[in-house]
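In what follows, a structure is listed as structure tokens, so that the remarks can point back to it.
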Amino acid sequence: MGPRNWDRPSNPRDACSVPVSEIIAVEETDVHGKHHSSGKWQKMEKPYAFTVHCVKRARRHRWKWAQVTFWCPEEQLCHLWLQTLREMLEKLTSRPKHLLVFINPFGGKGQGKRIYERKVAPLFTLASITTDIIVTEHANQAKETLYEINIDKYDGIVCVGGDGMFSEVLHGLIGRTQRSAGVDQNHPRAVLVPSSLRIGIIPAGSTDCVCYSTVGTSDAETSALHIVVGDSLAMDVSSVHHNSTLLRYSVSLLGYGFYGDIIKDSEKKRWLGLARYDFSGLKTFLSHHCYEGTVSFLPAQHTVGSPRDGKPCRAGCFVCRQSKQQLEEEQKKALYGLEAAEDVEEWQVVCGKFLAINATNMSCACRRSPRGLSPAAHLGDGSSDLILIRKCSRFNFLRFLIRHTNQQDQFDFTFVEVYRVKKFQFTSKHVEDEDSDLKEEGKKRFGHICSSHPSCCCAVSNSSWNCDGEVLHSPAIEVRVHCQLVRLFARGIEENLKPDSHS
């Protein structure tokens, strides 16, 4: 891997400007090893030069490492430029200097170590970023390490792998931060403390949903450059509880029914590799199971957007910024007793038979679904988009799924409902029946018959939850969105920026 090269253009119309914030490094250039193509530089008796390493934008939100070489006839002038630019870079305090890097050598296609060494390490070296590298050998090693070591000496944590690796680092960092702050994570209403450390994601997995939804591409070089320039993006995290016990945190998809069944079935077919997701997806679609239960949710009245407003989350997002401010105002009023506290807020209840229940904190975009499960979901507005797909025919469900791959509105069906929420609870009908003291014997017999044939959409069959690619078996959960709890080395998806002409 190497940078793209060009000399400073002699024609002003071809000139390009580079923000100082997107300069990676500046170094003196060995002019004796250079071939001067322009007659202007050949006329100089002793030319001096310096090279600016910088970011250049390519197509589809990708960033590239590029370099521009500047020539001048005076040594003093050359050194003045070098000194001035380096002083300006020193003032950029948001840039990391020392990082902890976790590499998953097994995730995705097993290319994590190679991707890091070829595409990321050279950029970190160029930017004078020092690293401590841990190549993980078993599941949860990254999470356990973050609980044990001194993390105060680092400016951020980098994970090289897929969404599973990111989830490990996320759980370790949030858990460590709450332990240090004396916060009980198992309490569903605990106010969680944000960590001061940012997380960088170098995509090397099968889906890389979090990276795609926060950067706009799953490209290792692009992600490495976002880390180098010290970008920062605040992101919501949902806590998932059952009976006052924390089950997991979620940042992308929490799915019951269709997506839960897919992940549960695919776990049994790891020997198939990445093909297991396609196989399990087809099998789950053909099974066409639906599940009866009750969804209760608290609408996110503080948000300034809605799931169908067609306004996706972008870099410098107004919706995220404004929604956070309004949420803070709401919390202050509740604190001083000026407004209703959580106990008496207006919850809404929806009962029925569902093919799928999805809660997304982000668009969940990926290469296969470029707009994602909820195209207008926002990364840091303190809400989740709750999508309910009621029982319908296989054909209609297929129409719904196909819309995830094109530009059509996937919520424009009579059997689909979508709500922007800040909390929700779900209880399957099976659990409700078990908790009831008034069971009739005939109902028991009917339940027994149906449990043998779950494809009939009966009330007693349970699905599992797909929590960011991990299986949760609890049929009853309580979910709460924590606004902008973590920060990534990212800036969100940039809009309407043309690729640089030299890209």
Side-chain angles (χ1 to χ4, degrees), residues 58-63 104 107-109 111-112 115 159-170 199-223 226 233 235-238 250-255 258-263 266 272-282 284-285 307 312-315 356 358-379 384-385 387 389 398 400-411 418 466-470 488 490-495:
R59 290 176 179 82
R60 298 188 182 93
H61 307 292
R62 284 180 298 120
W63 282 12
N104 178 3
K109 296 174 182 174
Q111 297 290 308
I115 287 170
C159 54
V160 184
D163 292 326
M165 188 65 183
F166 169 74
S167 185
E168 260 195 55
V169 170
L170 176 89
I199 303 174
I201 308 171
I202 303 297
S206 50
T207 310
D208 300 314
C209 166
V210 179
C211 187
Y212 201 100
S213 295
T214 54
V215 178
T217 182
S218 47
D219 174 67
E221 185 178 350
T222 302
S223 293
H226 279 287
L233 177 69
M235 192 170 74
D236 298 338
V237 178
S238 289
S250 170
V251 295
S252 52
L253 170 67
L254 189 59
F258 182 70
Y259 288 104
D261 291 349
I262 287 176
I263 204 72
S266 69
L272 276 173
L274 298 180
R276 68 185 184 272
Y277 297 115
D278 293 329
F279 182 87
S280 295
L282 178 61
T284 304
F285 171 75
C313 192
R314 291 293 180 258
N358 300 327
T360 63
N361 283 21
M362 57 176 66
S363 67
C364 293
C366 62
R367 284 181 292 267
R368 286 190 169 187
S369 179
R371 292 175 72 238
L373 298 181
S374 186
H378 285 267
L379 292 163
S384 180
D385 284 355
I387 306 159
I389 300 96
L398 180 61
F400 166 75
L401 293 176
I402 287 172
R403 285 205 182 174
H404 290 81
T405 64
N406 59 37
Q407 298 296 312
Q408 289 182 281
D409 180 5
Q410 60 253 56
F411 303 134
V418 59
N466 176 345
C467 182
D468 294 1
E470 297 293 325
L488 303 184
R491 65 173 59 174
I493 297 172
E494 293 181 309
E495 201 165 27

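Since this is a predicted model, take the numbers as computed values, not measurements.
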Task: Passing candidate, side chain to side chain contact (heavy atoms under 4.5 Å, CB included) with L253, options D163, I263, T360 - done: T360
Task: OG-NE2 distance between S384 and H378, expressed to the nearest 0.5 angstrom - done: 13.0 Å
TODO: Kindly give the heavy-atom pair with the smallest separation between D385 and A376, and that separation in Å.
DONE: OD2-C, 4.4 Å
- [ ] Compare all side-chain heavy atoms of I202 with those of S223 and state whether any distance is below 4.5 angstrom.
- [x] yes
TODO: Answer yes or no: is there a side-chain heavy-atom contact under 4.5 Å between I199 and C159?
DONE: yes
Task: Donor-acceptor contact present, side-chain S369 to main-chain C366, <3.5 Å - done: no
TODO: Check the pair I389 / F258 against side chain to side chain contact (heavy atoms under 4.5 Å, CB included), numbers first and verdict last.
DONE: CA-CA 10 Å; I389 300 96; F258 182 70; over 6 Å; no
Task: Non-hydrogen side-chain atoms of S363 and P312 separated by less than 4.5 Å - done: no
- [ ] Working to the nearest 0.5 Å, report the span between CZ of R367 and CZ of R60.
- [x] 12.5 Å
Task: Nearest-0.5 Å distance that lies between atom CG in N466 and atom CG in L254 - done: 8.0 Å
Open item on the list: Looking at T222 and W63, would you say the former's side chain and the latter's main chain have a donor-acceptor pair under 3.5 Å?
Closed with: yes
Task: Shortest non-hydrogen contact between R371 and Q408, atoms and distance - done: NH1-O, 3.5 Å
Open item on the list: I need the minimum non-hydrogen distance between V215 and H61, along with the two atoms involved.
Closed with: O-CB, 3.7 Å
Open item on the list: Strictly distance-based, threshold 3.5 Å: is any side-chain N or O of S213 a donor or acceptor partner for the main-chain N or O of V210?
Closed with: no
- [ ] Say whether, by atom type as modelled, one donor and one acceptor occur between the side chain of T217 and the main chain of R62 under 3.5 angstrom.
- [x] no
Open item on the list: Checking S280 against I262 for the side chain to side chain contact (heavy atoms under 4.5 Å, CB included) test, could you report, in this order, the C-alpha distance in whole Å, the side-chain angles of both residues, the deciding distance, and whether it holds?
Closed with: CA-CA 5 Å; S280 295; I262 287 176; 4.3 Å; yes
Open item on the list: Could you check whether any side-chain heavy atom of H404 comes within less than 4.5 Å of a side-chain heavy atom of L373, counting everything from C-beta outward?
Closed with: yes
TODO: List the atom of M165, the atom of V160, and the distance in Å for their closest heavy-atom pair.
DONE: CG-O, 4.0 Å
- [ ] Could you verify whether a donor N or O on one side chain and an acceptor N or O on the other, from S252 and D468, lie under 3.5 Å apart?
- [x] yes
Open item on the list: Within this structure, what is the CZ-CG distance for the pair F285 and D261, rounded to the nearest 0.5 Å?
Closed with: 13.5 Å
Task: Value rounded to 0.5 Å, distance of CD1 in I387 from OH in Y259 - done: 8.5 Å
Task: Nearest non-hydrogen partners of I493 and R314, listed with the distance - done: O-CD, 3.2 Å
TODO: Using atom types as modelled and distance alone, determine if a side-chain donor or acceptor of Q410 lies under 3.5 Å from a backbone N or O of G372.
DONE: yes
TODO: Show your reasoning for whether side-chain hydrogen bond (donor to acceptor under 3.5 Å, both in side chains) applies to S218 and D208.
DONE: CA-CA 6 Å; S218 47; D208 300 314; 4.6 Å; no
Open item on the list: Please find the pair of heavy atoms, one from R491 and one from L233, that lie closest to each other, and give the distance.
Closed with: C-CD1, 4.1 Å
Task: Approximate separation, where rounding is to 0.5 Å, of L379 CG and L488 CG - done: 8.0 Å
Open item on the list: Which residue in the set S238, S250, S374 passes side chain to side chain donor-acceptor pair (under 3.5 Å) when paired with N361?
Closed with: S238
